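Treat the numbers as computed from the prediction; the structure is a model and nothing was measured. Numbers restart at 1 for each chain; the letters A, B, ... are given by sequence-line order, proteins then strands.
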Amino acid sequence: MIDLKYLQKNFDEASAKFIKKGVDAQTLVRLEELFVTLKSANATLEEAKAEQNKMSKLFGEYMREKKDVSELKAKVDAKKEEIVGLQEVAREAQEALEKVALAMPNLPDDSVPEGKDEEENVELRKVLEPRTFDFEPKEHWALAELNGWIEFDRGVKLAKSRFAVLRGEAARMERALINFFLDVNREKGFEEVYVPFINNATMLQGTGQLPKFEDDLFKIEGEDLYLIPTAEVPLTNLYNDEILTQKELPILLTGYTPCFRKEAGSAGRDTRGMIRQHQFDKVEMVAITTPEQSEAIFKMMVENASDILTRLELPHRVVELCGGDLGFSAAMTIDLEVWLPGQNKYREISSISNTREFQARRAKIRYKEGKKNVLVNTLNGSALAVGRTLVAIMENYQNEDGTISIPEVLKPYMGL
RNA sequence: CGGGAGAUGUCAGAGUGGUCGAAUGUGCCGGUCUUGAAAACCGGUGAGGGUUAUACCUCCGGGAGUUCGAAUCUCCCUCUCCCGGCCA
């Protein structure tokens, strides 16, 4: 959630920033109006309540002094009726504001490059040279079939399209990758956490998936519960509605979870293979920091994810997202894209974002700075997406006969 | 899933219709004392909104109701603990 007071006081500045993220001015004007309306409705209501409270206290005095209360009662009753109406006005104003405000994306940082979509993202650097093949490298689904690693059709049978089954060595590599990622993250100071894979609506709203992206989530029928689309949800909301001490910050967390996404809007893209599935594994990093700490932690998280790819000897590049490509909650995002020789392009394998106070305001995560309660900064990033790493290993480590070599760092994890 | 008890500030725990945002203890922060620490003593200390700052409003698990007035009474829901059932 954005800071409505900031919006009101610095309207022009805020709208300039929002334009970078593709929010139209009309919506902003409306939002500001709703905020002003709510404030005045509340002021009127509270004034009436103050009068009523005062009269009720008087009532007690009258009773004690055995004075006649019938006149006072009549006045209070009239005031009560007035309050009912005012309350309704205030409630409606509140709902109208929330509806718009909760659907409003985060403001991008000043440093974020201008741009409409992913075409205008900025490559910061490349890490490791892509290997040269003396044969035509295959795409991962072809390799999956040759090696009996992935069964797409049986996954579809068990659930529906975009579910897959990993078999044998592939299943073991999936598990090995999870352990490897968690170990590296732990080395870097992240605490390993195991969380529920099902969270309630309040938590999903805290991190920004609800109410706007309900269609992308798998909901449990008849319950106020959803399958998590990323570990960012449970890890960040671990501290939902809490006030932390400054001493305990920064909090660095890592956890493995499967992720469940409907991605209704993605039909037609990456329909083949493992790139876009309804269920996938991911190891996530989450940081809860003071505003002063978050820049440095953000860099560290990017370095860490890049380091993991380097240890796996997977060529990749570091890309800064432009304003138009930023996600809903992010103030800035850096993606890591891994080289896929079969597809002959770089594909996203990690996304690291600083949401600043955006999620903290929604999830009410604060820390004590002296006497004051201050919103934390929350950051999240993949380290890494497991399924896509498997794909990258398949394509980068393929041999001419279609077999796949195992990366050195994974061998101990696979008992080799 | 069945039976019983409960949900109050960091925690523990009082409060059963008004003067209670809430005793007391504890924790935490600041101070005195001390070479330093501990102990002792003194002071401060819930959250959100609102205001330049006060006023003022809301919150005692959540929601609805009774009442001039609710932490306190009624109803519904959720959660926790104990007993039983079932179970990895």
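Remark: C1' of B/rU10 and CG of A/Asp241 are 14 Å apart, rounded to the nearest angstrom. Rounded to an integer number of Å, the gap from CD of A/Glu46 to P of B/rU51 is 10 Å. In this structure, CD of A/Gln87 is placed 14 Å from P of B/rC57, rounded to the nearest angstrom. Rounded to a whole Å, the CD atom of A/Glu242 is 14 Å from the P atom of B/rG48. Regarding A/Leu86, its CG atom lies at a distance of 16 Å from the C1' atom of B/rU58, rounded to whole Å. Computed from coordinates, the A/Lys372 NZ to B/rG44 P distance equals 22 Å when rounded to whole Å. Between the P atom of B/rU10 and the NZ atom of A/Lys368 lies a distance of 9 Å, rounded to the nearest Å. When rounded to the nearest whole Å, the span between CD1 of A/Ile83 and P of B/rU58 equals 9 Å.
The two residues A/Ile404 and A/Ile393 make their nearest non-hydrogen contact at CG2-O, 4.2 Å.
Distance noted for atom C1' between B/rU24 and B/rG31: 24 Å (whole Å). Rounded to the nearest Å, the gap between the P atom of B/rG44 and that of B/rA7 is 30 Å. To the nearest whole angstrom, the two C1' atoms, one in B/rU72 and one in B/rC20, are 11 Å apart. Separation of the C1' atoms belonging to B/rU78 and B/rA64 is 15 Å when rounded to the nearest angstrom. Here, B/rA5 and B/rU10 have their P atoms 29 Å apart, quoted to the whole Å. One C1' atom belongs to B/rG69, the other to B/rU16, and the distance between them is 15 Å to the nearest Å. The gap from the C1' atom of B/rG4 to that of B/rG18 amounts to 34 Å, rounded to the nearest Å. Spacing between B/rG17 and B/rU54 at atom P, rounded to whole Å, works out to 35 Å.
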Would you be so kind as to tabulate the donor-acceptor pairs closer than 3.5 Å made by side chains of residues 102-111 of chain A, with sequence neighbours excluded?
residue, atom, partner, partner atom, Å
A/Asn106, ND2, A/Ser329, O, 3.0
A/Asn106, ND2, A/Thr355, O, 3.0
A/Asp109, OD1, A/Arg356, NE, 3.2
A/Asp109, OD2, A/Arg356, NE, 3.1
A/Asp109, OD2, A/Arg356, NH2, 2.5

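No engagement by A/Lys54 is indicated, since no non-hydrogen atom pair under 4.0 Å with the nucleic acid exists. Using a 4.0 Å heavy-atom criterion, one finds that A/Asn53 contacts the sugar-phosphate atoms exclusively. Across all strands shown, A/Lys39 has heavy atoms under 4.0 Å from sugar-phosphate atoms exclusively, and none from any base.
Nucleotide B/rG30 has B/rC42 as its partner under the Watson-Crick or G-U criteria, with both atom distances under 3.5 Å. Across all strands shown, the partner of B/rG61 is B/rC77, judged by Watson-Crick or G-U wobble contacts whose two distances both fall under 3.5 Å. For B/rU52, there is no paired base (Watson-Crick or G-U wobble, both distances below 3.5 Å). Shown here, B/rG69 forms no base pair; nothing in the strands shown gives a Watson-Crick or G-U wobble contact with both key distances under 3.5 Å. Remark: B/rC86 base-pairs with no nucleotide; criterion is Watson-Crick or G-U wobble with both hydrogen-bond distances under 3.5 Å.
Scored by the ring pair (Phe, Tyr, Trp, His ring centres under 6.0 Å) test, A/Phe358 finds A/Phe328 as partners (sequence neighbours excluded).
In summary, A/Lys49 and A/Glu46 do not engage in a salt bridge, as defined by a charged side-chain N under 4.0 Å from a carboxylate O. Under the 4.0 Å criterion applied to side-chain N and carboxylate O atoms, A/Asp325 and A/Lys116 are not assigned as salt-bridge partners.
If you find the closest nucleotide of RNA chain B to A/Lys247 and to A/Phe35, the one lying nearer the 5' end belongs to A/Lys247. A residue-by-residue look at A/Lys49 and A/Ile243 shows that A/Ile243 has its nearest nucleotide of RNA chain B further toward the 5' end.
Phosphate proximity of B/rA47 to A/Arg366: absent, as no side-chain N or O sits under 4.0 Å from OP1 or OP2. Contact check, A/Asn42 against B/rC57: no side-chain N or O comes under 4.0 Å of OP1 or OP2.
Among the candidates A/Lys364, A/Arg366, A/Arg362, the single residue satisfying the salt bridge (charged side-chain N to carboxylate O under 4.0 Å, His left out) test with A/Asp241 is A/Arg366.
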Nucleotide-resolved protein contact map, nucleotides 61-73 of chain B, B/S/- at heavy-atom distance under 4.0 Å = -------BS----
CA sep, side-chain torsions, deciding dist, call: A/Gln209, A/Thr230, side chain to side chain contact (heavy atoms under 4.5 Å, CB included) = CA-CA 10 Å; A/Gln209 286 76 19; A/Thr230 159; 4.2 Å; yes
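Ring orientation note: the planes of A/Phe163 and A/Phe218 are tilted relative to one another, at an angle of 30° to 60°.
Heavy-atom neighbours of A/Glu187 CD from other residues, nucleotides or ligands within 6.0 Å: above the threshold of 12.
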